[in-house]
Participant: 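Sending over a structure as structure tokens; questions will come in a sec.
In what follows, residues are counted from 1 in the order of the sequence shown.
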Amino acid sequence: MTKFKLGLCMPGAVTSGAYTAGAVDYILRTLEKWNVESKEDNKTLPEMYVELAASGGTSAGGMSTIMMMLQLLGKENLLYDSWVNLDDDKKSETFDKALDTLDITSSKRIPSILNSTFIDNITERAFQFPNGIEESAIKLPDYISKDFSLILSHTLLNGVPLSLNLGTEYTSYRRVSDDRKKTKNSTLESLDYVTYEHSYFSFFNLSKEASFSKDNKTSPYIWFNPFSKDIVEKIKVTTQATGAFPIGLSPRMFKNEVFPKDLILASVKKSIISRYLNVKVGNKSLLKENETDWDDVFKHVNENFESLTVDGGAMNNAPIGQLISELRNKKSIEYDPTFGLIQIDPYPNRYNKDLNEYEPKRNLFPFAKDLIKTLWGGNKTKRDEVANQNIGDFVIGEIFPTQRVRGKENIPDAKVLATSSMSAFGGVLSKEFREHDYQLGMENARNFLRYKFFFPVNQIDESDSSGLNFDNLRAIWNRYPEAKSKFIRFHKVIRNGKEEKIEVLPIIPDIDILTDDNTYFSQLARPKVSRDILNKRKKKIKKRIRAVIDNVNLSIKSDDTSVKSKRFMRGVIKILYVNRIYKMINEEVISDLKKRDLLD
């Protein structure tokens, strides 16, 4: 039976990754129940026809992608443990560890605002499999593709130079010598325009064969094998790197011995061409893989290329295009059914009506702020996805939390994210925040699968069959009329300006809807923390502020400045500013928590 290929896209969310993990957890639970039920003699569900084939994300979403696969490979409850428990233990909470100064004092530099060791600890535990679990004994569920792809988004601070040839073979050269003067010993040098690729994707695949080199060309895929020491090092570093929120958390190094040049270039090449290989102009493909001289494109890349790396949010916070391309390439035959992509996004980008009227900022600092915002937004623009969204061979949906408020004071609803405080770092403040958002993610995923992610029972009109091919799914459900009758729902649509109801069936049937089983859910209430949440850690916060100041280069250039005077100035700064900085932080955090109805 031809399977319906499904992918999961998980944008960055910092500690609101707890929400993403909860949604993924519910999807996996639902698929597992369906898989078990479909093998029973008295089936209440049709045979399993969905196959999870790819997943990818940025920052928290990228980390959730890795944790999901490790959980499927034998690490029970890893999604919950990694995102709700974080690095809490009997000795201290994650918040306390994030304030520790050892990362600064031991390195004599400031890696990030928060100590990122807790990320390392979570990653290390994730790859510690229980005794007795061996690679050969692991059997993936039927709903997981044997060539499952995982994609993590990064930002390379050292961009990969890409050469663009300007001109023809007759006009694209200039004559130069070692001293850059025209001499008899000069040589021809190509005339090119160099641009730099800072957006990078790590590609993993469950299939070992996918990582094999072909035609002497390095594969962009790394074999996802958590039992191989060398491969685990790559997975760990990419997991930590995709979670490295710029400035807030420490960047990671892509070292040449772990990520050799050939692997870096193969990944860059794949991320570029995958967007265009399936795009056609008329009856011709827009791009063929062998039409570009990639050796010439990469000719300026150093053999020992390395780069500091942070999460991909600055470049591509939601790798929708990469995942769609990956899923499309997994279709074995042209008439495969429609494939699907579910995006789980705690902070979806929506149109802001308040921005209708543009007010130019002509003063320097407001202008500079707008400029940074423009550059940041421009890097993340979904140009290719917009251009290719009507190809029409896939169905896409989004799981996201509500932004509802109640009362005249606009108090957030109980089902609004709790970890959204402190610019989404709020999860480090309280385990209750993370627990709330994990449960909220599960609940939103349940509602999405039951009432939003479906296909029409009957072909609506000719446009329904132009690209979205659900005939295979309809045929499967028709073989199970009793199950079909239980799961049919009505959905309102607007057609020709009129509202009408159509019959729909879920793409992923949730068997719990038949019994209204809410085992996983408790009544969600707004979690609260005490007003002295920071005051209890006042000494630790001030200590970290002092450590930062101690390692700031005061940039005093005068020759007569002695070591003693520098120490004196640091002391003055501490006295004047540590208390001010702490007070400012405390006031901002308390104000933010109050606005979000998260204070006792």
Side-chain angles (χ1 to χ4, degrees), residues 1-8 23 26-53 141-145 327 331-333 335-342 392-399 442-495 498-521:
M1 178 180 67
T2 305
K3 294 294 184 78
F4 179 92
K5 307 288 186 181
L6 181 65
L8 302 178
Y26 191 85
I27 291 171
L28 295 181
R29 289 171 186 261
T30 304
L31 287 170
E32 180 59 28
K33 284 189 175 184
W34 178 13
N35 191 42
V36 171
E37 178 63 27
S38 66
K39 295 176 181 178
E40 298 291 334
D41 291 334
N42 297 319
K43 295 182 177 64
T44 55
L45 293 175
E47 57 193 299
M48 171 62 71
Y49 57 75
V50 166
E51 184 176 85
L52 270 179
D142 296 339
Y143 50 85
I144 301 297
S145 173
L327 291 164
K331 294 172 65 172
S332 58
I333 49 179
Y335 52 86
D336 266 2
T338 301
F339 61 90
L341 181 68
I342 299 174
D393 58 345
F394 64 93
V395 59
I396 189 168
E398 185 176 52
I399 300 173
M442 293 186 73
E443 184 174 309
N444 286 173
R446 175 196 63 182
N447 295 338
F448 173 81
L449 295 181
R450 292 183 180 184
Y451 310 116
K452 300 294 182 181
F453 199 51
F454 49 70
F455 65 94
V457 172
N458 302 301
Q459 180 176 315
I460 300 173
D461 55 29
E462 292 182 1
S463 64
D464 180 41
S465 60
S466 61
L468 297 178
N469 180 4
F470 294 113
D471 289 344
N472 190 43
L473 304 191
R474 292 181 182 120
I476 294 171
W477 278 91
N478 287 337
R479 293 200 293 270
Y480 301 88
E482 185 177 350
K484 180 178 177 181
S485 65
K486 293 178 180 178
F487 280 92
I488 282 182
R489 297 287 183 272
F490 287 97
H491 178 69
K492 293 180 180 180
V493 296
I494 303 296
R495 305 186 62 78
K498 296 181 179 180
E499 184 179 293
E500 62 180 80
K501 291 182 179 180
I502 61 169
E503 290 184 322
V504 297
L505 282 166
I507 293 176
I508 299 177
D510 183 354
I511 193 172
D512 288 343
I513 199 173
L514 302 179
T515 58
D516 199 26
D517 184 354
N518 291 310
T519 306
Y520 315 132
F521 306 107

Participant: What is the distance from atom CD1 of I27 to atom CD1 of I342, rounded to the nearest 0.5 Å?
Facilitator: 4.5 Å
Participant: Do L341 and L8 come within less than 4.5 Å of each other through their side chains, counting heavy atoms only?
Facilitator: no
Participant: When rounded to the nearest 0.5 angstrom, what is the spacing between CG in L327 and CD in E51?
Facilitator: 10.5 Å
Participant: Can you tell which of R450, R446, R489, K452 makes a salt bridge (Lys or Arg N to Asp or Glu O under 4.0 Å) with D510?
Facilitator: R450
Participant: Mark yes or no for whether W34, through its side chain, and P46, through its backbone, hold a donor-acceptor pair below 3.5 Å.
Facilitator: yes
Participant: Sequence neighbours excluded, which residues qualify as side-chain contact (heavy atoms from CB on, under 4.5 Å) partners of K39?
Facilitator: N35, D142
Participant: One pair to check against side chain to side chain donor-acceptor pair (under 3.5 Å): Y49 and N472. What are the steps and the verdict?
Facilitator: CA-CA 9 Å; Y49 57 75; N472 190 43; over 6 Å; no
Participant: Measuring from L449:CG to I507:CD1, what's the distance to the nearest 0.5 Å?
Facilitator: 9.5 Å
Participant: Partners of E482 by side-chain contact (heavy atoms from CB on, under 4.5 Å), sequence neighbours excluded?
Facilitator: K486
Participant: Taking the side chain as C-beta and beyond, is there a heavy-atom pair between K33 and V36 under 4.5 Å?
Facilitator: no
Participant: Hey, does E47 have a side-chain heavy atom less than 4.5 Å from the side chain of Y480?
Facilitator: yes
Participant: Do V395 and F4 touch side chain to side chain, with heavy atoms closer than 4.5 Å?
Facilitator: yes
Participant: With side chains defined as the heavy atoms from C-beta onward, is the minimum distance between F455 and V504 less than 4.5 Å?
Facilitator: no
Participant: Would you say I399 and F453 make side-chain contact, with heavy atoms under 4.5 Å?
Facilitator: no
Participant: Below 4.5 Å, heavy atoms only, C-beta onward: do I502 and N458 meet side chain to side chain?
Facilitator: no
Participant: As a quick check of understanding, evaluate side chain to side chain donor-acceptor pair (under 3.5 Å) for Y143 and E32, giving each step before the final call.
Facilitator: CA-CA 8 Å; Y143 50 85; E32 180 59 28; 2.8 Å; yes
Participant: May I ask you to test the V50-K3 pair for a side-chain heavy-atom distance under 4.5 Å?
Facilitator: no
Participant: Report the C-alpha distance between L505 and F487 in whole Å, list the side-chain angles of each, state the deciding distance to 0.1 Å, and finish with yes or no for side chain to side chain contact (heavy atoms under 4.5 Å, CB included).
Facilitator: CA-CA 6 Å; L505 282 166; F487 280 92; 4.0 Å; yes
Participant: Can you check side chain to side chain contact (heavy atoms under 4.5 Å, CB included) on N478 and K484, steps first, answer last?
Facilitator: CA-CA 7 Å; N478 287 337; K484 180 178 177 181; 2.7 Å; yes
